[in-house]
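Beneath this line is the structure, given in structure tokens, with notes to follow.
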Number of protein chains: 2
Amino acid sequence: MDRAKLPKIEKMPADVRALGVLRGRIIDGSIPAGSRLTEVQISDEMGLSRATVRTALHQLAQEGLVSLVPYTGWTVVKLSRQDIWELYTLRGAVERLAASLTAASAEPAQMAEVQQAFDALEIACERKNPNEIAEADFGFHKAVVDASGHSRLRAQYGLIEHQIRVYIRSSDALIADSKEILDQHRPILEAILSRNSTLAGELSEDHNLREGQKLTVSVPLA
Amino acid sequence: MDRAKLPKIEKMPADVRALGVLRGRIIDGSIPAGSRLTEVQISDEMGLSRATVRTALHQLAQEGLVSLVPYTGWTVVKLSRQDIWELYTLRGAVERLAASLTAASAEPAQMAEVQQAFDALEIACERKNPNEIAEADFGFHKAVVDASGHSRLRAQYGLIEHQIRVYIRSSDALIADSKEILDQHRPILEAILSRNSTLAGELSEDHNLREGQKLTVSVPLA
DNA sequence: AAAAGGGCTATTGTCGACAATAGCCCTTTT
DNA sequence: AAAAGGGCTATTGTCGACAATAGCCCTTTT
């Protein structure tokens, strides 16, 4: 009896689902920076208990997206100039290590994924859709980090990425000169493919510092 | 009516206290790696509710000291060779950034703290007490990170440090050749004091990679 | 004897209720 | 009018109970 495979039913813990929803709303801006969140309201709306929502909020706090003032309330973080600087310098350090590890010792399969992520970026740049470009840009960086085979680096990168996404969306800072974007990423790809570990690391760090610089000067903040 | 100031009464949330106690026990080895932890037992012993203990355990999981298998239980993590490698490469990347930032732009007061931490390390080395040396060693690294004025770097460093401490204690890997320890740290201090940002970063990273190497080869792991 | 199946137990997952607290607002005092 | 004080309200902090689940163990089937 041959038939199409049934779709896998998603069975996720309630707190993880709540986390995903909240994070999505914060990143896409439908819950703006500076908003207050209350456990009761969220749990009512989602039909979950406060304990569950609370777990999700604590996780979001770990990710740096919300902050808790004891006995008072949760607020969605507002990123200052200093925060953006911190995020990009930190991402620079993380990606420096990731790129140099990947260049030094990634398996061919992982290398192929990095190459593929770059190809996707090229295609996105041709289409000139800013959102798509931004996604592909994130995708390339993530591919390099994933290829490093360093689980803590991946976890760390995830946290930073969430926060950067919040900022990028909230500031609409999608500076998408597609030509320049490709020119900035190509050398990194080449250094990695040619197994030049030192260069790959340096280029990655420089790229991040430049990006961070650009964002902090171009977009004034509270 | 002049009198000695009364000592400040510590008023901490219960979950924070539980977290501190558990972390301390894991780090000092009285709860060994691989142990199972159950929420009920802990909450009974501490006289707290499960919810409170659970919050603390989740935090410990974030710090990488325990891990949760759904509907099954919590266990204290056992660090593998790969984990040690990850910790030291990651710490290398974090400290590279910290040292170069500190060298580039720390205030005199912060510089003085770094100097002071090094002096403490010198004194500890003279006394040849392994535990004291290890503490002063951690202290120096922490001082450099603190001086960088980068809050996310500090937070990140804290997490890594906890995990390294677990490993160092559990393996008794306190390789304390006091002469060598000073020789390894002095150039870092000097590069920072002379505001040589690039060199400070490089030396810090190298130092960590060497340490990590030493620990992974000298101590066989499960 | 081996395999399959089902129930049991230990444990986390989720819930709703009450306790503790921060900070506003109103009243009282000076 | 300004300052001090106290109560009120909104919110998180903490609790104990019940639900859901994983995985072991015993029984049954082959």
Side-chain angles (χ1 to χ4, degrees), chain A residues 1 6-26 31-78, chain B residues 1 6-26 31-78:
Chain A
M1 227 214 262
L6 288 171
K8 193 172 167 189
I9 303 287
E10 291 278 0
K11 203 157 112 194
M12 280 213 278
D15 58 340
V16 177
R17 269 176 293 145
L19 173 63
V21 171
L22 288 172
R23 183 165 49 216
R25 293 298 190 86
I26 292 172
I31 304 178
S35 310
R36 277 193 86 199
L37 300 174
T38 70
E39 298 172 2
V40 188
Q41 186 185 337
I42 295 172
S43 55
D44 282 356
E45 287 181 27
M46 293 194 176
L48 297 171
S49 79
R50 257 189 69 214
T52 305
V53 170
R54 205 171 152 73
T55 305
L57 284 169
H58 269 114
Q59 176 63 34
L60 277 177
Q62 269 295 336
E63 297 181 2
L65 301 190
V66 302
S67 102
L68 169 64
V69 182
Y71 291 102
T72 304
W74 299 86
T75 55
V76 179
V77 295
K78 248 183 173 149
Chain B
M1 226 216 264
L6 287 171
K8 193 172 165 188
I9 303 289
E10 291 280 359
K11 202 158 114 196
M12 280 213 278
D15 59 340
V16 177
R17 270 176 292 144
L19 172 62
V21 171
L22 288 171
R23 185 165 49 215
R25 292 298 190 89
I26 292 172
I31 304 178
S35 311
R36 277 194 85 200
L37 299 175
T38 69
E39 298 173 2
V40 188
Q41 186 185 338
I42 295 171
S43 53
D44 281 357
E45 287 183 27
M46 293 194 178
L48 297 171
S49 80
R50 257 190 68 215
T52 305
V53 169
R54 206 172 151 73
T55 304
L57 284 169
H58 269 115
Q59 176 63 34
L60 277 177
Q62 269 296 337
E63 297 180 2
L65 300 190
V66 303
S67 103
L68 169 63
V69 182
Y71 291 102
T72 304
W74 299 86
T75 55
V76 179
V77 295
K78 247 183 175 149

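Since the structure is predicted, the reported quantities are computational estimates derived from the model, not experimental observations. Naming: A, B, ... by sequence-line order, numbering from 1 per chain.
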Item to check | Positional range of nucleotides in DNA chain D within the contact set of chain A, heavy-atom, under 4.0 Å | outcome: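 The contacted stretch runs from D:dT11 to D:dT21.
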Checklist entry - Is the shortest heavy-atom distance from the side chain of A:Leu22 to the side chain of A:Met46 under 4.5 Å? => result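 In short, these two side chains touch, coming nearer than 4.5 Å.
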Checklist entry - Do the side chains of B:Leu57 and B:Leu68 get nearer than 4.5 Å, heavy atoms only? => result no
To the nearest 0.5 Å, how far apart are [atom1] in [X] and [atom2] in [Y]?
X: A:Gln41; Y: A:Arg50; atom1: CD; atom2: CZ; answer: 13.5 Å
X: A:His58; Y: A:Leu60; atom1: NE2; atom2: CG; answer: 11.0 Å
X: B:Leu65; Y: B:Ile31; atom1: CG; atom2: CD1; answer: 10.5 Å
X: B:Lys78; Y: B:Ser35; atom1: NZ; atom2: OG; answer: 9.0 Å

Test your reading of the model: is there a side-chain donor-acceptor pair from [X] to the backbone of [Y], 3.5 Å cut-off?
X: A:Arg17; Y: A:Met12; result: yes
X: B:Ser43; Y: B:Glu39; result: yes
X: A:Thr55; Y: A:Val53; result: no

Checklist entry - So what does A:Leu37 touch, heavy atoms closer than 4.0 Å: a base, only the sugar-phosphate, or nothing? => result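 The answer is sugar-phosphate, as A:Leu37 gets under 4.0 Å only of primed atoms, P, OP1 or OP2.
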Item to check | Earlier contact from the 5' end, DNA chain C, for B:Ala51 and B:Thr38 | outcome: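 Closer to the 5' end of DNA chain C: B:Thr38.
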Next on the checklist: Can you work out whether A:Thr72 or A:Ala14 has the more 5'-proximal nearest nucleotide on DNA chain C?
Outcome noted: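 So the residue in question is A:Ala14.
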Checklist entry - What residues in residues 61-70 of chain A put a non-hydrogen atom under 4.0 Å from any atom of DNA chain C? => result A:Pro70
Item to check | Paired stretches of DNA chain C - 3 or more consecutive Watson-Crick or G-U pairs, each distance under 3.5 Å | outcome: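 Stem segments, range with range: C:1-30 with D:1-30.
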Next on the checklist: Going by side chain to side chain contact (heavy atoms under 4.5 Å, CB included), A:Trp74 matches just one of A:Thr38, A:Val66, A:Val69, A:Ile42. Which one?
Outcome noted: A:Val66
